[in-house]
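Chain letters run A, B, ... following the sequence lines, proteins first, then strands; residues in each count from 1.
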Amino acid sequence: MLSVTGNLQSELIIGQIEENTIMRIKELLNQRFLVAMQAAGIPSECSPTLALGGKAQFGDYQANGAMAAAKRLAMPPRELAQKILDNLDLDGIAETLEIAGPGFINIGLSNAFLADSLGEPKAGPARDQQTVVVDYSSPNLAKEMHVGHLRTTIIGDTLARVLEYQGHEVIRQNHMGDWGTQFGMLIAELEEHLGEGEQAALALNDLEVFYQQSKKHFDADPEFADRARAYVVKLQSGDQHCRGLWQKFITVSVAHSLEIYQELNVGLTEEHVKAESAYNDDLDTVVKDLVDLGLAVESEGAKVVFLAELADKNGNPSPMIVQKSGGGFLYATSDLAALRHRVNTLKADRILYFIDARQSLHMKQVFATGRKAQFVPPTVSLEHHPFGTMMGPDGKPFKTRTGGTVKLADFLVEAIERAERLMREKNTDLNETEIKAVARKIGIGAIKYADLSITRTNDYVFDWDAMMSFDGNTAPYLQYAYTRIRSIFRKADIDPETFSAPIEIVAAEEKTLALKLLQFDEVIDQIAADCYPHTLCAYLYELASVYMSFYEHCPVVKAGVPEKTQHSRLQLCALTAATLAQGLDLLGIDVMEKM
RNA sequence: GCACUCGUAGCUCAGCUGGAUAGAGUACUCGGCUACGAACCGAGCGGUCGGUGGUUCGAAUCCACCCGAGUGCACCA
């Protein structure tokens with residue numbers, strides 16, 4: 001029963017929901033509770049605080065806001081909960097509503113409501129579309145990509161995909177390091193190789209070896225070291241010869257990175273490369289502007305921005321050098337130039353940085369300076385989303401047996417080989433080419449999932465065996481769940497892409513699966529906001545687990561299943577397969593028909 | 001010294017703006033295939049949430065202090 005006010009507001013709010021969102025159950029319940037709470041005379045600041053039902057006995061969702069509101073109104077909480085229920089309209093949505101414990105309201109959704117919701121076509125999200133710049137991967141081109149580049153590349157790519165899925169305009173920016181001091185040394189080395197008649201591509205066949213060579217050369221030969229230092233200056237001031245050598249080096253190194261991206265199934269291509277050197281011509285201006293604004297001052301010969309907002313307890317401001325005493329620029333300078341480019345030219349509403357947690361202070365400094373200099377208006381969101389380090393099974397940073405850095409290229413090869421070996425241990429009826437193709441999807445998927453499924457900000461322990469065990473919360477388990485579903489459709493000789501039938505929910509396992517399927521977009525919303533992809537992994541794992549229970553208890557194409565039931569279950573299967581594939585695709589992981 | 005991050009089952013990890021008896025996986029012990037793919041499912045075992053105080057109807061979650069680990073702190077990126 002609704003009061004007049006409640007009814008009006010109810011229509012208003014409900015109208016908005018149905019107009020502009022896909023079915024988001026939590027949002028729907030939240031709105032209905034808000035209306036009921038207002039009708040019950042509860043101040044609008046009080047939230048219904050909806051949560052998933054912790055346990056089966058607590059319902060599908062629970063509203064926990066009555067207790068806080070009761071305290072505010074100095075009323076017995078259960079009494080207030082009852083008053084909310086009296087004003088609550090969940091006709092056709094909830095089947096059971098009960099007050100439990102000190103004042104929890106447990107909501108049991110109706111089977112028919114869930115079934116109908118699954119039948120509705122998915123509307124595209126109509127929320128505000130933003131232009132989002134996503135800065136990720138950004139390897140240093142002086143060396144080969146190594147495992148340290150994995151997290152930024154994988155997590156950043158997932159967020160780019162998630163935001164695109166939501167309809168935002170995503171601009172990927174690969175801020176490659178191609179302009180550091182080491183490049184003097186590298187092009188001096190390259191010059192010698194070319195002088196001996198070697199081809200650039202050959203000399204640079206192994207960037208890691210090449211780097212070590214030139215470093216050794218630099219340390220051992222003072223004359224070479226002097227030339228290297230001179231080349232840095234000449235390069236940055238536009239000397240044609242140095243620029244030519246540099247370009248040869250960069251071309252090879254960029255190509256190497258692009259190969260890795262392709263192998264990793266990451267959506268970064270040449271068009272997303274916006275390397276440090278691209279901002280070279282703007283660095284003078286950035287510093288000049290900072291000086292003119294009085295933000296950068298001379299200190300010990302360098303131009304430094306002192307940030308009082310990042311001062312320590314003793315009041316010492318945090319210094320950030322934007323120009324060296326010798327006149328050279330640092331990465332802080334090019335980061336500021338990039339910031340301005342992203343705001344002014346790319347028109348970003350939101351700029352996301354997926355960069356190692358060790359850069360946190362640096363990012364804070366860059367953001368603070370960008371704000372103070374008004375390079376970035378307050379309407380633009382600047383977000384550093386840090387991540388931890390990948391550790392080996394010994395709990396120390398992941399290295400080769402000999403203690404060296406692990407090249408990403410080698411790492412990927414090993415993952416695929418391990419996947420192939422495991423496949424051969426199982427009984428697979430795939431032929432040789434199929435095994436190769438599937439092993440690639442499994443190996444790469446396993447690596448990415450191992451990384452994505454851990455809370456981003458924590459260090460994580462990487463363990464080949466755990467990741468490749470194909471048991472528990474791993475990519476292969478999800479891929480397996482997918483193949484099992486597709487197998488049902490093969491057996492029934494039905495095309496899951498075009499199949500459509502009404503859903504009828506009877507068994508408990510069917511309800512659990514239906515509810516889980518409907519929660520997909522709630523999860524995606526959250527990830528788009530907080531940039532923690534592990535919640536998507538957790539969701540997909542739960543979905544697959546719930547499906548497996550359904551699979552055990554609810555026969556589909558076995559003998560004796562009535563056609564109506566069979567079709568309903570096939571529809572649940574088709575939706576599960578589609579949701580798994582969609583979710584994995586957002587993680588950059590492929591599925592396959594058989595494995 | 002200062003700053004940031006983190007201490008949850010033997011191990012690897014979840015725990016959403018404070019909510020009910022802290023959850024998964026793994027390991028270990030049982031049970032389930034004349035197969036919609038057992039690379040699976042089910043059950044059991046396993047916890048003083050680093051410690052001590054505080055805030056309140058209610059704390060793994062918020063605050064303070066301590067212990068322990070990692071990382072970063074002006075001319076590399």
Side-chain angles (χ1 to χ4, degrees), chain A residues 47 49 51-52 54-55 57-58 62 64 67-68 70-71 77 100-104 106 138 140 142 177 179-182 276 299-304 306 310-314 316 318-326 328-332 334-335 356-362 364 386 388-389 391 393 395 422-423 425-429 453-455 457-461 463 466 469-474 476-477 479-481 483-492 522 526 530 532 534-535 537-538 541-542 545 548-549 551-559 561 566 569-570 573 594-595:
Chain A
S47 149
T49 51
L52 291 174
K55 295 178 187 241
Q57 53 188 316
F58 299 150
Q62 51 179 286
N64 300 334
M67 291 168 286
K71 189 176 156 192
F104 298 101
N106 295 337
S138 309
N140 188 327
W179 211 237
T181 315
Q182 313 119 308
E276 280 189 293
S299 171
E300 296 173 33
K303 300 275 196 314
V304 185
F306 289 98
L310 297 175
D312 63 22
K313 289 229 165 187
N314 305 319
N316 304 312
S318 179
M320 179 176 74
I321 300 182
V322 291
Q323 186 166 24
K324 296 197 271 190
S325 50
F329 302 106
L330 296 102
Y331 77 142
S334 51
D335 277 343
D356 197 298
R358 287 173 291 192
Q359 302 291 328
S360 292
L361 177 59
H362 168 71
K364 279 185 192 166
T389 308
M391 306 296 200
L422 281 161
M423 282 181 71
E425 284 171 17
K426 312 285 177 188
N427 284 331
T428 174
D429 58 351
S453 58
I454 302 298
T455 303
T457 46
N458 292 351
D459 291 345
Y460 82 106
V461 177
D463 182 341
S469 75
F470 292 27
D471 255 329
N473 188 9
T474 64
Y477 175 81
Q479 290 167 324
Y480 172 65
T483 62
R484 268 180 115 174
I485 302 173
R486 301 295 281 200
S487 174
I488 291 179
F489 284 92
R490 272 197 302 278
K491 174 149 184 161
E522 289 177 15
Q526 200 190 326
D530 66 22
Y532 280 96
H534 77 277
T535 51
C537 296
Y541 179 63
E542 285 162 20
S545 305
M548 290 296 186
S549 292
Y551 183 94
E552 296 290 326
H553 293 93
C554 303
V556 183
V557 293
K558 282 185 175 173
V561 180
Q566 183 180 104
R569 289 179 179 170
L570 277 169
C573 288
K594 296 180 182 176
M595 62 192 284

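Residue contacts for A:Gly180: at a heavy-atom cut-off of 4.0 Å it reaches the sugar-phosphate backbone alone, with no base atom in range. As judged by a 4.0 angstrom heavy-atom cut-off over every strand, A:Phe329 is placed among residues touching the sugar-phosphate backbone only. At a threshold of 4.0 angstrom between heavy atoms, the contacts of A:Pro476 with the nucleic acid are absent. A:Ser299 comes within contact range of at least one nucleobase, with a heavy-atom separation under 4.0 Å.
Put simply, the side chain of A:Tyr477 reaches to within 4.5 Å of the side chain of A:Ser545, judged on heavy atoms. Counting heavy atoms from C-beta on, the side chains of A:Val556 and A:Val561 never come closer than 4.5 Å.
Under the Watson-Crick or G-U wobble criterion, with both distances below 3.5 Å, B:rC4 is paired with B:rG70. Pair assignment for B:rA64 gives B:rU52, based on Watson-Crick or G-U wobble hydrogen-bonding distances that are each under 3.5 Å. Remark: B:rA24 base-pairs with B:rU12; criterion is Watson-Crick or G-U wobble with both hydrogen-bond distances under 3.5 Å. Under the Watson-Crick or G-U wobble criterion, with both distances below 3.5 Å, B:rG18 has no partner in any strand shown. In this entry B:rC76 has no Watson-Crick or G-U wobble partner, no candidate having both defining distances under 3.5 Å. Using Watson-Crick or G-U wobble geometry with both donor-acceptor distances under 3.5 Å, B:rC45 finds no partner in any strand shown.
OP1 and OP2 of B:rA74 both lie 4.0 Å or more from every side-chain N or O belonging to A:Lys303. Within the 4.0 Å cut-off from OP1 or OP2 of B:rC36, at least one side-chain nitrogen or oxygen of A:Lys558 is found.
If A:Ala311 and A:Arg358 are placed on RNA chain B by their nearest nucleotide, the residue sitting closer to the 5' end is A:Ala311. RNA chain B is contacted by both A:Arg490 and A:Asn314; A:Asn314 maps to the nucleotide lying nearer its 5′ end (nearest heavy atom per residue).
As rounded to the nearest Å, B:rG68 and B:rG51 have C1' atoms that lie 10 Å from one another. On the P atoms, B:rC67 is 10 Å away from B:rG1, given to the nearest whole Å.
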For this session: Would you give a per-nucleotide map of nucleotides 9-16 of chain B, 5' to 3', where B means the base has a protein non-hydrogen atom under 4.0 Å away, S means only the sugar-phosphate does, and - means neither?
Result: ---SSSS-
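You can call A:Tyr551 stacked on the base of B:rC36; the centres are under 5.5 Å apart and the planes sit within 30°.
Set against B:rA3, B:rC40, B:rC76, the side chain of A:Met548 has B:rC40 as its closest nucleotide.
Looking at A:Asn64, its side chain never comes within 3.5 Å of a backbone N or O of A:Phe104 through a donor-acceptor pair.
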Nucleotide N/O of nucleotides 18-27 of chain B paired with protein N/O under 3.5 Å:
residue	atom	partner	partner atom	Å
B:rA20	N7	A:Gln62	OE1	3.2
B:rA20	N6	A:Gln62	OE1	3.3
B:rA20	N6	A:Asn106	OD1	2.4
B:rA20	N6	A:Asn106	ND2	3.4
B:rA20	N1	A:Asn106	ND2	3.4
B:rG23	OP1	A:Lys55	NZ	3.0

